[in-house]
Amino acid sequence: MMRRTATLAILLLSALSLPASAETGQGEHPHLSAMRSLTLNRSLLTKAEAEYRELQKEEAQDTSGRVARQLSDLRYKIQAFNEDAERLRGILPAGSVTEELSGEPAGPRPVDTAAEKRVEEMAKQIYQMHEKALQSVAAQKFEEAEKIYGEIVFLSPEDDEAYLLLGHTCLAAGHYERAADAFHNAVHIDPENAKEIPRLYENILLENPSDDAAMTQLGYAHLLLGSAEYARRAFQDALAVNPSNIEAKKGLLEIP
């Protein structure tokens with residue numbers, strides 16, 4: 001169970017599509033966007049490195065090759081996170097608050113204007129809130145995480161990444177109407193998010209093809225996005241694995 005929840009926490013943030021997230025959103029300060037992306041990048045990297053260390057302990061006893069494949073995938077992810085962090089740091093001014101938060105050495109700090117200070121203060125606040133929410137997800141305290149993400153989108157209403165995370169945590173908590181609202185907001189801000197939402201659960205199923213809970217959440221994700229046939233297929237797959245899956249049965253009844 002610990003491995004499952006840790007993976008869920010990592011994949012929740014993986015749904016953000018970090019390389020694209022540093023692009024400036026409409027009306028948003030470019031440094032704030034890059035800061036938010038970098039802090040989320042560091043969270044992902046920390047979790048991936050922790051999982052990598054845990055898997056290394058199992059490698060010697062594994063004869064199926066499963067652990068070796070997972071280690072290989074994680075090495076690729078860690079490398080990608082590090083490369084993206086370098087790119088994001090190139091966007092930010094030397095000595096920015098994100099360098100301090102990520103543990104990177106800061107150069108001479110430039111004289112800040114009042115506007116830049118406000119941007120950095122908000123970035124720090126959002127960083128801390130994302131970290132707290134991620135801890136709640138890892139502890140399966142989904143309603144607590146949902147509340148925090150709700151506060152984040154209140155502070156940054158154009159933050160489609162936070163809406164995605166809010167939607168996923170609402171789904172995990174079984175709050176489907178709230179998930180629908182969050183997903184629709186994310187898609188309204190960036191239509192490409194419609195492709196990213198189901199991908200989270202598809203990635204979970206790549207790691208554990210018999211996870212009927214992930215199949216059910218995939219079904220609801222499709223259903224909330226209006227893809228009835230894909231939703232039906234996911235719910236049926238969940239019931240094929242676990243015929244007593246109540247949520248999957250409810251989901252099938254929701255399909256027009």
Side-chain angles (χ1 to χ4, degrees), residues 8-47 81 84-85 88 91-92 97-98 101-102 118-201 203 217 220-221 224-225:
L8 176 59
I10 292 170
L11 289 175
L12 270 178
L13 286 178
S14 296
L16 300 180
S17 186
L18 284 169
S21 63
E23 297 176 3
T24 305
Q26 184 177 359
E28 183 179 49
H29 194 290
H31 291 168
L32 176 58
S33 179
M35 285 175 182
R36 184 174 63 246
S37 296
L38 182 55
T39 54
L40 293 172
N41 175 294
R42 305 313 292 178
S43 296
L44 274 169
L45 178 60
T46 298
K47 300 301 184 298
F81 294 150
D84 194 55
L88 290 167
I91 299 172
L92 298 170
V97 68
T98 310
L101 291 170
S102 64
R118 287 196 297 272
V119 167
E120 291 196 350
E121 287 170 1
M122 179 176 287
K124 182 175 182 179
Q125 182 180 2
I126 290 175
Y127 168 85
Q128 292 170 338
M129 293 170 74
H130 271 292
E131 285 292 288
K132 185 176 179 182
L134 181 59
Q135 291 170 5
S136 298
V137 170
Q140 292 188 312
K141 297 178 180 179
F142 299 117
E143 292 190 2
E144 183 178 297
E146 179 184 333
K147 181 180 179 181
I148 297 169
Y149 287 127
E151 293 171 354
I152 292 174
V153 298
F154 177 78
L155 289 173
S156 184
E158 294 301 314
D159 186 348
D160 59 321
E161 297 168 349
Y163 277 116
L164 285 174
L165 290 171
L166 175 60
H168 290 307
T169 52
C170 287
L171 267 190
H175 299 157
Y176 302 119
E177 290 186 5
R178 296 179 194 172
D181 289 341
F183 286 149
H184 288 160
N185 281 326
V187 173
H188 176 74
I189 295 169
D190 183 355
E192 287 298 309
N193 284 324
K195 300 175 184 177
E196 296 300 322
I197 292 166
R199 192 169 297 167
L200 169 70
Y201 307 104
N203 287 340
Q217 290 177 328
Y220 277 106
L224 296 177
L225 292 170

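The aromatic rings of Phe183 and His168 sit perpendicular to each other, their planes meeting at more than 60°, with 30° as the lower class boundary.
Interatomic distance, CD1 of Ile148 versus OG1 of Thr169, reported as 9.5 Å (0.5 Å rounding). Taking OG of Ser136 as the start and CD of Glu146 as the end, the distance is 11.5 Å to the nearest 0.5 Å. Going from atom NZ of Lys141 over to atom CD of Gln135 covers 9.5 Å, rounded to the nearest 0.5 Å. Between the CD atom of Gln128 and the CD1 atom of Ile152 there is a distance of 11.0 Å, given to the nearest 0.5 Å. The distance from atom CZ of Arg178 to atom CD of Glu143, rounded to the nearest 0.5 Å, is 7.0 Å. Taken from NE2 in His175 to CG in Asp181, the straight-line distance is 13.0 Å, to the nearest 0.5 Å.
In plain terms, the two heavy atoms of Gln217 and Ala172 that are nearest each other are NE2-CA, 3.3 Å. When every heavy atom of Tyr201 is checked against every heavy atom of Leu171, the shortest pair comes out as OH-CD1, 3.3 Å. Closest non-hydrogen pair, Gly167 versus Ala179, comes out as O-CB, 3.5 Å. Contact record, Ala162 with Val153: CB-CG1, 3.6 Å, taken as the closest heavy-atom pair. Scanning all heavy atoms of the two residues, the minimum distance from Leu166 to Gly150 falls at CD1-N, 4.0 Å.
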Checklist entry - Step by step, would you call Ile197 with Val187 a side-chain contact (heavy atoms from CB on, under 4.5 Å)? => result CA-CA 9 Å; Ile197 292 166; Val187 173; 4.1 Å; yes

Next on the checklist: Is there a side-chain contact (heavy atoms from CB on, under 4.5 Å) between Asn185 and Asp160? Walk through the geometry before answering.
Outcome noted: CA-CA 7 Å; Asn185 281 326; Asp160 59 321; over 6 Å; no

Checklist entry - Would Lys147 and Glu144 satisfy side-chain contact (heavy atoms from CB on, under 4.5 Å), going step by step from the backbone distance to the final call? => result CA-CA 5 Å; Lys147 181 180 179 181; Glu144 183 178 297; 5.9 Å; no

Next on the checklist: Assess the residue pair Arg199 and Asn203 against the criterion (side-chain contact (heavy atoms from CB on, under 4.5 Å)); give the C-alpha distance rounded to whole Å, side-chain angles, the decisive distance to 0.1 Å, and a yes or no.
Outcome noted: CA-CA 6 Å; Arg199 192 169 297 167; Asn203 287 340; 4.0 Å; yes

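Asp190 has its side chain out of reach of Glu196: every pair of non-hydrogen atoms, C-beta onward, lies at least 4.5 Å apart.
Ring centroids of His184 and Tyr163 are separated by 6.0 Å or more, keeping the two rings apart.
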